[in-house]
Amino acid sequence: MEQAAHGRSLFSDALRRLRSNKAALASIGVLGFIVVAAVVGPWLSPHNYFTQDYGAIWIAPTLADAHWLGTDGLGRDLFVRALEGGRISLMIGFVATLVSLIIGVAYGATAGYAGGRVDGVMMRIVDILYAMPFLFFVILLMVFFGRNILLIFVAIGAINWLDMARIVRGQTLALKQQPFIEAARMSGAPAVSIIARHIVPNLLGVVAVYITLTIPQVILFESFLSFLGLGVAEPATSWGALIKDGADEMGRAPWLLIVPAVFLAATLFCFNFIGDGLRDALDPKDR
Amino acid sequence: MLLDVRDLKVSFDTPDGVVEAVRGLDLRLAAGESVGIVGESGSGKSQSVLALMGLLADNARVSGSATLQTDTGALELIGAKRRVLERIRGARIAMIFQDPMTTLNPHLRIATQIKEVITRHRGLRGRAATKAAIEMLEAVKIPDPARRIRYYPHQFSGGMRQRVMIAMALACEPDILIADEPTTALDVTVQADILDLMAELRQRTNVALLLITHDLGVVAGQCERLLVMRHGEVVERGAIDPIFEAPAHAYTRDLLAAVPKLETPHFARASS
Ligand SMILES: Nc1ncnc2c1ncn2[C@@H]1O[C@H](COP(=O)(O)OP(=O)(O)OP(=O)(O)O)[C@@H](O)[C@H]1O
Ligand SMILES: [Mg+2]
């Protein structure tokens with residue numbers, strides 16, 4: 001905020017525009033609430049996500065009981081499990097996105113800036129990796145080595161950075177033609193510092209929008225794996241795993257499906273609205 | 001001779017064949033001297049100076065020689081190693097461009113951008129670099145430089161941005177300033193201010209100037225000698241006055257005819 005008094009960056013202008021977008025602002029609020037709840041919620045509850053209580057199975061949501069979102073067939077508290085699942089789902093979403101972001105930006109910016117043959121080789125490698133049936137590999141690996149969160153990160157990261165690299169490379173090719181890059185080269189800046197100081201900061205807008213698309217995509221992908229029974233292993237859980245458990249007991253205990261589904265849907269909605277808001281706010285038309 | 005360019009040729013490989021952009025340029029520039037290059041669009045002016053800086057497109061082929069006089073003797077620029085050129089660019093030879101709206105990075109403060117050059121070539125950091133940057137903004141007559149240095153480019157007007165570009169170009173006290181149509185994108189009144197500023201700074205710093213323009217009026221006010229290029233070749237060269245009085249080449253006559261009030265171009269400039 002200290003900078004606002006002296007100079008306004010294009011990015012802080014964009015943030016100001018974002019702040020006037022009601023849907024995006026509300027989404028940031030809701031998402032922030034979900035994240036905080038997922039992180040601190042489980043500690044505040046008297047229950048934990050793994051203790052089974054056979055005296056309290058299939059309890060429906062009620063305000064009269066300590067299990068106010070009910071329990072599952074093993075008597076585990078759904079409120080805590082939903083938040084615990086959120087921890088895992090969100091963590092996978094953020095970490096895998098961060099990994100694919102770092103690799104994708106570095107790779108894409110290098111390829112785009114180098115251009116010519118280097119670019120050709122680097123992007124052919126991306127094409128080849130694209131053609132790999134990673135999902136198939138992951139399923140195979142999990143069948144052999146058992147379920148493992150690390151494996152999920154690696155699998156998702158391995159697929160997602162490819163998109164990031166392509167987008168960043170395209171942007172870099174366009175940016176490279178900008179006179180200020182030419183001016184920087186003209187002032188003796190070496191390639192590394194041009195990429196780090198002049199290219200990457202100008203990718204911020206695209207990257208920000210892309211992050212809001214990737215995180216929900218990753219969360220959804222993890223849910224999909226969990227739904228296939230390939231996600232995190234019991235008793236740990238994720239929203240996808242909870243939804244799968246809930247779907248199995250849909251008739252007897254619909255809350256087991258509804259609660260995690262609402263959390264997941266709300267989170268995905270929020271990311272979409274934030275993404276839309278960011279895209280509008282960063283639209284170069286307004287510059 | 002500070003800069004000695006001999007038989008510089010630049011051609012581009014394109015899918016439609018070879019484009020010969022520069023066909024044998026000879027140019028000598030003494031310390032503190034100021035030479036204008038004029039010529040129609042596409043005559044090879046920009047590619048000539050880009051060749052000197054080693055910044056041509058990937059499909060370019062260069063031949064000829066360009067030697068720059070340095071403290072350690074004559075240095076051949078054509079075909080020099082990237083590292084060598086990076087030490088020359090911005091430090092010994094600096095450049096300003098046509099469109100000041102797009103030659104500054106929109107996401108970085110002016111301070112960051114000027115300090116980057118100062119740190120790279122003069123080795124100054126932190127406070128010392130900031131102080132040097134503010135001094136440069138002062139030199140190009142930007143009011144309240146200590147505050148404005150924290151601005152981002154879009155907070156400046158076009159003329160101000162060109163002043164910032166000039167400040168950056170001169171920050172490392174280069175021997176040669178190349179100005180590629182430095183005022184074309186600016187308002188007429190702002191053009192005059194920028195030209196006056198350049199003339200003043202040139203006197204103060206004794207930097208040699210290579211001024212590329214379409215405007216013979218500008219050349220008359222700024223330069224001692226003139227090179228007229230057409231289709232990649234120099235068709236006429238010499239001191240300003242003789243060329244203005246009796247152009248030898250028909251093309252130069254056409255160019256002169258296009259300058260309004262050409263009878264008194266450089267007296268008008270000098271007296272303003
Ligand atoms: N990368 C390239 N590939 C092919 N041809 C090129 C390339 N770059 C420049 N040219 C050609 O080189 C010629 C000279 O271009 P140059 O930029 O030097 O013109 P100029 O005299 O600066 O013109 P202007 O006054 O419009 O700036 C032009 O015909 C242009 O089309
Ligand atoms: Mg040009």
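Computed from heavy atoms alone, side chains included, the values below leave out hydrogens, waters and symmetry copies. By convention in this document, chain letters (A, B, ...) are assigned in the order of the sequence lines, proteins followed by strands, and residues within each chain are numbered from 1.
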(request) Would you give the length of the straight line joining atom CZ of B:R89 to atom CE of A:M186, rounded to the nearest 0.5 angstrom? (result) 7.5 Å
(request) Determine whether A:S187 and B:R120 make a side-chain contact, defined as any pair of heavy atoms from C-beta on separated by less than 4.5 Å. (result) yes
(message) Please classify the contact between A:A189 and chain B as side chain, backbone, both or neither, with a heavy-atom cut-off of under 4.5 Å.
(response) both
(request) Identify the heavy atoms of A:A183 and B:M165 that sit nearest to each other, and give their distance. (result) CB-CE, 4.3 Å
(message) Counting only heavy atoms not in A:Y130 (residues, nucleotides, ligands), do more than 12 fall under 6.0 Å from its OH?
(response) yes
(message) If I take atom CG from residue B:D180 and atom CD from residue A:E182, how far apart are they, to the nearest 0.5 angstrom?
(response) 9.5 Å
(message) Can you tell me which of B:N105, B:I88, B:V117 forms the most heavy-atom pairs within a distance under 4.5 Å of chain A?
(response) B:N105
(message) Heavy atom to heavy atom, less than 4.5 Å: which residues from residues 172-181 of chain A reach chain B?
(response) A:P179, A:F180
(message) Counting neighbours of OH on A:Y107 that are heavy atoms of other residues, nucleotides or ligands and sit closer than 6.0 Å, is the number greater than 12?
(response) yes
(request) Counting only heavy atoms closer than 4.5 Å, note whether B:Q98 contacts chain A via side chain, backbone, both or neither. (result) neither
(message) Do A:R197 and B:T112 make a side-chain contact, defined as non-hydrogen atoms from C-beta onward lying under 4.5 Å apart?
(response) yes
(request) Might you confirm whether atom CD of B:E76 has over 12 heavy atoms from other residues, nucleotides or ligands at distances under 6.0 Å? (result) yes
(request) Using a cut-off of 6.0 Å, state whether more than 12 heavy atoms not belonging to A:F94 lie near its atom CZ. (result) yes
(message) Within a 6.0 Å radius of atom CZ on B:R125, are there more than 12 heavy atoms belonging to other residues, nucleotides or ligands?
(response) no
(request) State whether a side-chain donor-acceptor pair under 3.5 Å links B:E116 with A:H198. (result) yes
(request) Using heavy atoms and a sub-4.5 Å threshold, report which of residues 43-55 of chain B line up against chain A, by residue number. (result) B:L50, B:M53, B:L55
(message) Under a 4.5 Å cutoff for heavy-atom pairs, which residue among B:N59, B:I96, B:D99, B:L104 has the most contacts with chain A?
(response) B:L104
